[in-house]
Amino acid sequence: MKVIQAKSAGFCYGVERAVNLAVKTAQEKGGCVMLGSIIHNANVVARLEELGARQINGVDEIKPHDTVLIRAHGEKKDVFACLHEIGAACVDATCPNVLRLQQLVAHADEEGSTPVIIGEPHHPEVVGVASWSERSQVFDGPEKLKEWLQDDPQRRTLPLVAVAQTTCIRSIWETSAEILKKECTNVKIFDTICNATHKRQSEAADLAAQVDVMVVVGDRKSANTKHLTEICRTKCPAVYQIEGAAELKPAFFKGCTVAGLTAGASTPAGIIKEVYTTMSEEIKNVEAMEESFEEMLEKSFKTLNTGEKVTGIVTSIGPTEVQVDLGCKQAGYIAIDELSADPNAKPEDIVKVGDEIETYIIRVNDVEGYAMLSKKRLDAVKVWEDIEEARENKVTLEGKVTEENKGGIVVNVKGVRVFVPASQSGQPRGAELSEMIGQTVSLRITEVNRARRRVVGSIRAVAYEARAAAQAEIWNNIEVGKRYTGTVKSMTSYGVFVDIGGVDGMVHISELSWSRIKNPAEVVSVGDTLEVYVISFDAEKHKISLGVKDRSCNPWDKFMETYKVGDVANVRIVKLMTFGAFAEVVPGVDGLIHISQIADRRIDKPGDVLSEGQMVDAKITAIDEEKQKISLSIRALLAPAAEEVEEVEEDAE
């Protein structure tokens with residue numbers, strides 16, 4: 001039995017271009033955001049997120065400083081307008097074939113024609129293309145198209161422009177095009193099915209007709225993968241669509257002599273290779289199960305070869321060696337110094353009689369009938385296997401930072417050197433990476449090359465996931481009035497942004513202090529720890545309004561307990577206006593000194609007498625408890641003598 005792989009399986013030009021753009025942007029910009037899945041493949045999207053390309057679901061999550069990646073399927077017209085309005089940088093990874101589709105529809109709209117699009121109505125590519133004309137009509141096949149034309153005969157005379165989704169099944173498109181040619185009098189038809197898609201579909205159909213079992217690899221959200229599966233099922237009775245090698249089962253290949261393999265345009269070469277290898281192994285396993293008893297008996301007389309891995313049962317433990325039953329004519333022995341890399345380890349602490357043990361064959365002596373084995377060397381190999389498995393399964397590992405290297409740091413993980421680029425160190429751009437030496441860090445393995453003994457990891461990916469989990473926890477449990485301990489992340493003239501555990505909230509300047517302040521820097525600094533509470537939040541827009549002021553210590557209550565009308569207070573001038581001056585009576589409570597109450601003479605403006613920050617005595621002449629307003633007067637403390645003189649003069653007259 002054998003496996004035949006289609007030549008055109010895997011990444012097409014548009015997908016490869018989009019992925020390369022995403023990798024380049026994430027690395028050069030130190031991170032970016034993907035507006036939706038850059039391609040329909042969860043494995044690729046997850047790898048890009050590890051590199052710092054964060055996936056979002058809508059433009060409302062975009063910030064002005066973000067670099068936004070447009071996916072290979074393209075985007076709606078109004079999204080580009082929104083990005084321009086926000087001021088976000090845009091990297092357009094739209095497939096050139098999809099871009100041509102958008103241009104055809106936009107041009108048809110300018111000419112006053114009605115675009116007719118044959119494709120899946122809810123597919124991102126079709127939704128985006130249709131948005132370039134308000135007149136767009138989308139049909140999933142010739143039946144719906146025919147119904148639309150028959151519902152209103154006048155539609156047959158309309159100026160129409162017909163195009164197809166780039167991954168449309170050719171038979172569906174050609175039938176639809178024939179209907180348009182036959183029924184309509186003014187139609188322009190453009191065959192926009194991608195050449196690579198047509199070639200892939202044709203090869204898949206030819207291969208499916210030659211094999212007993214056909215395997216199609218690709219994300220279940222991928223339209224072109226789904227179409228490949230549909231095409232193969234018309235040619236082969238046993239077709240299985242999978243996303244990866246883990247979904248393969250021995251039952252798929254029972255009675256199979258030839259198996260075929262193809263993949264959608266969004267499937268990476270690594271996944272295709274893994275599926276091919278696993279298919280070959282599964283077929284061998286099926287063959288092995290079908291072997292005769294005589295063949296299996298013959299295999300029991302196996303021969304051992306240097307460099308092989310073998311599994312046996314520990315039969316005895318001596319002071320210098322451990323004996324292992326390998327299930328064949330040769331006995332196996334492990335010297336004590338080949339049992340463990342730790343010279344102080346005791347054999348009885350590592351293995352026990354009856355244990356199953358996997359070892360590496362160092363030397364075979366067929367004459368004397370024994371084989372020398374090593375567990376230590378196999379353990380070293382297994383470390384690499386563990387590293388590779390951690391990459392495949394996205395397992396978080398721990399290691400110690402040992403040195404700063406050109407462009408990053410080196411982390412020792414189970415004795416293997418793992419290079420972490422500076423952009424994936426989790427440290428701010430320009431930070432001193434040497435300060436991390438000696439620290440134990442958690443990281444994710446992103447690349448393994450055993451031949452070159454090269455391993456690349458990301459600390460940032462682990463931190464990103466932890467932050468995402470913390471964000472989810474906050475949004476699941478947030479409520480008005482709930483208190484958090486947060487850290488000031490950034491400042492503006494109108495307030496500060498506080499990180500409350502993975503989510504940023506806004507504290508308006510008016511909520512920072514009861515006292516009147518002009519700038520948040522007067523009371524807080526970046527990095528400060530603040531006790532905050534939730535004033536309001538919008539879970540859909542991911543916005544939180546926070547407060548710092550303690551409502552139980554209302555300055556107005558303190559003022560009312562301390563002063564009454566007629567009292568004199570030593571106040572601080574906080575703001576000069578054309579009509580008077582505001583003065584702080586107690587922290588957080590201001591009163592107004594009208595311009596007529598500043599001096600015992602007429603003045604042009606308050607600044608002629610007062611200055612901001614000046615301390616003066618003023619008399620409380622009125623208190624409005626409902627509106628919490630206070631009237632003050634300096635003149636009342638200066639004028640009594642002058643007023644008495646004026647009254648005497650008036651009486652004399």
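Please read all numbers here as calculations on a predicted model, not as lab measurements. Heavy atoms only: backbone and side chains are in, while hydrogens, waters and symmetry mates are out. Count residues from 1 along the sequence.
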(message) Would you compute the distance between atom CG of Asp528 and atom CE of Met491 and round it to the nearest 0.5 angstrom?
(response) 8.0 Å
(message) Under a 4.0 Å threshold between the charged nitrogen and the carboxylate oxygen, would Glu243 count as salt-bridged to Arg220?
(response) yes
(request) Please collect all ring pair (Phe, Tyr, Trp, His ring centres under 6.0 Å) contacts where either partner lies in residues 94-116, sequence neighbours excluded, each pair once. (result) none
(request) Please identify each residue that fulfils side-chain contact (heavy atoms from CB on, under 4.5 Å) with Val91, with sequence neighbours left out. (result) Leu21, Thr25, Thr67, Leu69
(message) Do Gln427 and Ile459 have side chains that approach each other closer than 4.5 Å (heavy atoms only, starting at C-beta)?
(response) no
(request) Give a yes or no on whether the backbone of Val395 and the side-chain of Asn393 come within a donor-acceptor separation of less than 3.5 Å. (result) no
(request) Check ring-ring contact (aromatic ring centres under 6.0 Å, His included) between Phe559 and all other residues, then give those that pass, not counting sequence neighbours. (result) Trp556, Tyr563
(message) Per the ring pair (Phe, Tyr, Trp, His ring centres under 6.0 Å) rule, what does the pair list look like for residues 476-499, sequence neighbours excluded?
(response) none
(request) Please work out which of the three classes, parallel, tilted or perpendicular, describes the rings of His73 and His123, given edges at 30° and 60°. (result) perpendicular
(request) For the pair Arg17 (side chain) and Thr94 (backbone), establish whether a donor and an acceptor sit closer than 3.5 Å, ignoring hydrogens and angles. (result) yes
(request) Could you tell me whether the side chain of Gln102 and the main chain of Gly128 form a donor-acceptor pair under 3.5 Å? (result) no
(message) Which residues pass the salt bridge (Lys or Arg N to Asp or Glu O under 4.0 Å) test with Glu110, not counting sequence neighbours?
(response) none
(request) Report yes if some heavy atom in the side chain of Glu50 is under 4.5 Å from a heavy atom in the side chain of Lys394; otherwise report no. (result) yes
(message) Between Glu111 (side chain only) and Ala108 (backbone N and O only), is there a donor and an acceptor less than 3.5 Å apart?
(response) no
(request) Working to the nearest 0.5 Å, report the span between OG of Ser133 and CG of Leu104. (result) 12.0 Å
(message) Closer than 3.5 angstrom, by distance alone: can the side chain of Gln614 be matched with the main-chain N or O of Ser611 as a donor-acceptor pair?
(response) yes
(request) Quick one: which residue pairs count as a side-chain hydrogen bond (donor to acceptor under 3.5 Å, both in side chains) with a foot in residues 395-410, not counting sequence neighbours? (result) Thr396-Arg444, Glu403-Arg417
(request) Only pairs at least two apart or in different chains count here, so list each salt bridge (Lys or Arg N to Asp or Glu O under 4.0 Å) that has a residue in residues 88-99. (result) none
(message) The criterion is side-chain contact (heavy atoms from CB on, under 4.5 Å); which residues satisfy it with Asp604, sequence neighbours excluded?
(response) Asp608
(message) Quick check: do Leu48 and Val23 have side-chain heavy atoms less than 4.5 Å from each other?
(response) yes
(request) May I ask you to decide if Pro115's main-chain N or O and Ser136's side chain share a donor-acceptor pair within less than 3.5 Å? (result) no
(message) Nearest 0.5 angstrom please: Phe537 CZ to Ile474 CD1, how far?
(response) 12.0 Å
(message) Nearest 0.5 angstrom please: Ser37 OG to Gln55 CD, how far?
(response) 4.0 Å
(message) Restricting to non-hydrogen atoms, name the atom on Val401 and the atom on Met436 that form the minimum distance, rounded to 0.1 Å.
(response) CB-O, 3.3 Å
(message) Just so I know, are the side chains of Val548 and Glu511 near enough to count as touching, which here means a heavy-atom distance under 4.5 Å?
(response) no
(message) Under the criterion side-chain contact (heavy atoms from CB on, under 4.5 Å), I'd like the reasoning laid out for Cys90 against Leu83: C-alpha separation, chi angles, the key distance, then a yes or no.
(response) CA-CA 8 Å; Cys90 179; Leu83 291 176; 4.2 Å; yes
(message) Among residues at least two apart in sequence or on other chains, which ones pass salt bridge (Lys or Arg N to Asp or Glu O under 4.0 Å) with Arg71?
(response) Glu75
(request) Could you name each residue pair satisfying salt bridge (Lys or Arg N to Asp or Glu O under 4.0 Å) that touches residues 610-620, not counting sequence neighbours? (result) Lys518-Glu612
(message) To check you understand the geometry: which heavy-atom pair defines the closest contact between Ser490 and Val526, and what is its length?
(response) CA-CG2, 4.3 Å
(message) Return the CG to CD distance between Leu433 and Glu435, rounded to the nearest 0.5 Å.
(response) 9.0 Å
(request) Return the minimal non-hydrogen interatomic distance between Val138 and Pro121, and the atom names on each side. (result) CG1-CA, 3.7 Å
(request) Not counting sequence neighbours, list each pair that qualifies as a salt bridge (Lys or Arg N to Asp or Glu O under 4.0 Å) and has a residue in residues 122-136. (result) Asp109-Arg135
(request) Using the test side-chain contact (heavy atoms from CB on, under 4.5 Å), find all partners of Glu473 that sit at least two apart in sequence or belong to another chain. (result) Asn477
